2 protein chains.
Amino acid sequence: MTKPRSRRGGGRPTIADVARKAGVGAITVSRALREPGRVSEDLRRQIQVAVDELGYIPDPNARALASARAEVFGVLVPSLTNNVFAEVVRGIYDSLSDSPFRIQMGNTHYSGLEEERLLQLFASQRPAALIVAGIDQTPQSRKLLETAGCPVVQVMETGHDPVDMLVGFSHFDGGRAAAEHLIEAGYRRIGFIGARMDPRSQRRLAGYRAAMEAAGLFDPRLVTTTPLLSSVTLGRELLRDALAKMPSLDGVFCNNDDIALGVLFECRRAAIAVPKAIGIVGFNDLDMMQAAFPSVTSVRTHRYEIGRQAVAMALAAIAGRRPQQRVVDLGFELIRRESTAR
Amino acid sequence: MTKPRSRRGGGRPTIADVARKAGVGAITVSRALREPGRVSEDLRRQIQVAVDELGYIPDPNARALASARAEVFGVLVPSLTNNVFAEVVRGIYDSLSDSPFRIQMGNTHYSGLEEERLLQLFASQRPAALIVAGIDQTPQSRKLLETAGCPVVQVMETGHDPVDMLVGFSHFDGGRAAAEHLIEAGYRRIGFIGARMDPRSQRRLAGYRAAMEAAGLFDPRLVTTTPLLSSVTLGRELLRDALAKMPSLDGVFCNNDDIALGVLFECRRAAIAVPKAIGIVGFNDLDMMQAAFPSVTSVRTHRYEIGRQAVAMALAAIAGRRPQQRVVDLGFELIRRESTAR
DNA sequence: ACCTTGCATGGTAGCGCTACCATTTTCTGC
DNA sequence: GCAGAAAATGGTAGCGCTACCATGCAAGGT
């Protein structure tokens, strides 16, 4: 004789309560909320009143179970603290904040294995869409993405063979542009300094190398890398290493802006004149590059925009309007500043 | 006559499939997965084999629906890109990566209203725990937290009146320690420079003011703030403003390290000697403070540790072992560096 | 007048899982 | 050896929602 609801549910209003209050069937309430066009003006208003009065919020779990589709975007990035991905994630959150979609984020720690594990976990929840960083998934991961049964957007790169959709830019071209700029500015012994050489960093290095070889300037001893996570402090150390190996170094293309800032500080500390004795180019163009003294040339990337665009494409695909172009190249921009103004 | 499952589910194995394969009841499979201790060694092994062979992954939505409790941690922070919160969030993710708990994150954009909205949304999903930044929730939000029916951990502050549990440190004390350090180092016209004056920044300012007043050095013209979001570039501008207002300024306590870095760059650009003419102290002690030239004194905070501790306390509470102390003060550490070594 | 078409609405039957209550088996204690 | 307790296992009935298939009724075609 006890009311069934009191047993478990905790007394929150359900769709049945709303239906009773509005004097309609539960299914009509469900429709009024999801496809208002299919319910008559009158009932729609009645239902809205009942929803407001009861403070009804649909249970996303019940929804997901009944419809075999969760209103969740799965987002997979290699790092949460790296400003680059944080910006992408911010773009994703901002774009989804007014939608019914929730976000489930995963941190792969730059590990392919971890990516596989998380992808499997995410896919098992039938997400509405998946957004993953990079195009270098393991074959296993790629298969998971292909069979996920939802729109998939790879981000942060460009290429010709996406799983589904792809938004980003060419790291190779970015690296090449940076190196070419240094060459044009008159630098000759131009080093590459990079930490945590993930696939994107490798491509930037390849772009740098292409430019250097084209100019007949490449020398393997100009390249200084480490698998360690990048940091400003590490930038200082790597410049010291690079100079030890190659004292005649007169320019550096840094894998990212943290490294570039470290290189700048090390130059100041060692009384090496920038841009006179050494030119510096960073990557990503964080705010601090512009504020630095001297200000630092960097390759500006559109991270926030990548996040927004990825969501826009996914939403379009969910709505059945797959974008005409599956690959969007948002490009980059070389911002010339004092650090290379010789 | 069609198999029911083929209609909707998409063919993924369910608990019933596992049960059939292992020759046991569905409920036993459920128990074997959640409370292995209550199932005999034999069956447990049989079930494990069936799970592995079928590649069975429990459906979290069905679980949440049936148990009226989602395995989700709700996490609410004011910003995703601010390194400070990113570190806390990283601590939370790392601590939960091996647990069955998922994370649902919300970005309040420093808005109380947005916080209320997200809290309502989160609470409606019956999360296993809630972690929220700060202690300055609106009365509405506080009530939501109190009635959420799950462990709640407020983070990034300390105090005597948490909703439930609290992990962080005293911003007031941090601000006071910074100011006292500058006073001891011999600086007298010590300014406060701060952007986006959220409650935590306000408390740091209050700590600074207390120290300055105790030394008879406080002057309201020493305080320069703006509601804008903080950035390195903004640090430069704020120092210019501060100097225009008070040319005799000989020290600054910066609300955070981004501002401090901007102040440092502006000093270099304006040929103001650091630490000789002006002493600089930052807040948070990001990696770059140590690498800077001159290196910058800063108040080190334990952000990652706060995230880990918050999760540890929440997990203990979920397991029914509420921690003896509901408020954990992880403190801070003043790191003395060149920027105040007069 | 009849039948067809389309729209608005509702009833029923699950989605995959777990809470609750049996039921069976095994283990005590005397 | 047996009553009683404890442990192991299973059956049933939902959790709150939506897919699917009616049903009823007005509009249009012949």
Side-chain angles (χ1 to χ4, degrees), chain A residues 1-20 22-47 51 54-71 100 124-126 128, chain B residues 1-20 22-47 51 54-71 100 124-126 128:
Chain A
M1 272 298 105
T2 49
K3 288 179 199 151
R5 187 167 314 102
S6 69
R7 186 160 60 91
R8 295 208 223 157
R12 282 174 49 225
T14 73
I15 202 166
D17 297 325
V18 176
R20 209 170 307 124
V24 300
I27 189 67
T28 305
V29 175
S30 176
R31 266 197 289 262
L33 263 32
R34 289 176 303 134
E35 311 167 86
R38 290 192 49 193
V39 174
S40 71
E41 180 66 26
D42 269 11
L43 284 193
R44 214 186 308 155
R45 206 173 8 238
Q46 263 171 263
I47 289 168
V51 164
L54 292 172
Y56 170 71
I57 301 178
D59 181 330
N61 299 117
R63 250 189 192 173
L65 184 58
S67 66
R69 177 59 70 206
E71 292 188 315
S124 80
Q125 299 178 40
R126 313 177 161 287
Chain B
M1 273 298 104
T2 49
K3 286 181 201 148
R5 189 167 311 102
S6 69
R7 186 159 60 90
R8 296 206 224 158
R12 283 175 46 224
T14 72
I15 202 166
D17 297 325
V18 177
R20 207 171 308 124
V24 300
I27 189 66
T28 306
V29 175
S30 176
R31 267 198 287 262
L33 263 32
R34 290 176 302 134
E35 311 166 85
R38 290 192 48 192
V39 173
S40 71
E41 178 67 25
D42 268 11
L43 285 193
R44 215 186 309 155
R45 202 170 13 236
Q46 263 170 263
I47 290 168
V51 165
L54 292 171
Y56 169 72
I57 301 178
D59 181 330
N61 298 117
R63 250 186 193 177
L65 185 58
S67 65
R69 179 58 70 205
E71 291 187 316
S124 80
Q125 298 178 38
R126 311 177 162 289

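Numbered from 1 within each chain, the chains take letters A, B, ... in sequence-line order. Keep in mind that what you see is a predicted model, and the values were worked out from it rather than measured.
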Name the residue from L43(B), V24(B), V39(B) that meets the side chain to side chain contact (heavy atoms under 4.5 Å, CB included) definition with V29(B).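 Exactly one candidate clears the test, V24(B).
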I need the minimum non-hydrogen distance between [X] and [Y], along with the two atoms involved.
{"X": "N61(A)", "Y": "N61(B)", "value": "ND2-ND2, 3.3 Å"}
{"X": "E71(B)", "Y": "P100(B)", "value": "OE1-CB, 3.8 Å"}
{"X": "L33(A)", "Y": "Y56(A)", "value": "CD2-CE2, 3.6 Å"}
{"X": "A26(A)", "Y": "I15(A)", "value": "O-CD1, 3.7 Å"}
{"X": "A70(A)", "Y": "Q125(A)", "value": "CB-O, 3.5 Å"}

Expressed as a whole number of angstroms, how long is the span from [X]:[atom1] to [N]:[atom2]?
{"X": "L65(A)", "N": "dG16(C)", "atom1": "CG", "atom2": "P", "value": "7 Å"}
{"X": "I57(A)", "N": "dG16(D)", "atom1": "CD1", "atom2": "P", "value": "14 Å"}
{"X": "E71(B)", "N": "dT18(C)", "atom1": "CD", "atom2": "C1'", "value": "12 Å"}
{"X": "R126(B)", "N": "dA19(C)", "atom1": "CZ", "atom2": "P", "value": "13 Å"}
{"X": "R12(B)", "N": "dG16(C)", "atom1": "CZ", "atom2": "P", "value": "8 Å"}
{"X": "E35(B)", "N": "dT9(D)", "atom1": "CD", "atom2": "C1'", "value": "13 Å"}
{"X": "Y56(B)", "N": "dG16(C)", "atom1": "OH", "atom2": "P", "value": "10 Å"}
{"X": "D42(B)", "N": "dT26(C)", "atom1": "CG", "atom2": "P", "value": "12 Å"}

Just by protein heavy atoms under 4.0 Å, how would nucleotides 4-10 of chain C read 5' to 3' in B, S and -? ----SBB
Let's see if you can work this out: which of dC15(D), dT18(D), dG16(D) has an atom nearest to the side-chain heavy atoms of S67(A)?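 Of all the options, the side chain of S67(A) is nearest to dT18(D).
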Looking only at the side chain of R34(A) (C-beta and beyond, no hydrogens), which of the listed nucleotides dC17(C), dG16(D), dA19(D) gets closest?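 Out of dC17(C), dG16(D), dA19(D), the nucleotide with an atom closest to R34(A)'s side chain is dA19(D).
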For R69(A) and A128(A), indicate whether the former's side chain and the latter's backbone hold a donor-acceptor pair under 3.5 Å.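 Pair absent, no side-chain N/O of R69(A) close to backbone of A128(A).
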Let me confirm one number: the CZ-OG1 distance from R20(B) to T14(B), rounded to the nearest 0.5 Å.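 R20(B) atom CZ to T14(B) atom OG1 measures 6.5 Å (nearest 0.5 Å).
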Quick check for you: to the nearest 0.5 Å, what is the distance between R44(A) atom CZ and T28(A) atom OG1?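 Here the interatomic distance stands at 12.5 Å.
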When you check the phosphate oxygens OP1 and OP2 of [N], does a side-chain N or O of [X] lie under 4.0 Å from one of them?
{"X": "R69(B)", "N": "dC17(C)", "result": "no"}
{"X": "S30(A)", "N": "dT18(D)", "result": "yes"}
{"X": "R63(A)", "N": "dG16(D)", "result": "no"}

Need the bend value for the helix from dA1(C)-dT30(D) to dC30(C)-dG1(D): angle between end axes, 5 pairs each end, nearest 10°.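 Here the helix ends are tilted 30° relative to one another.
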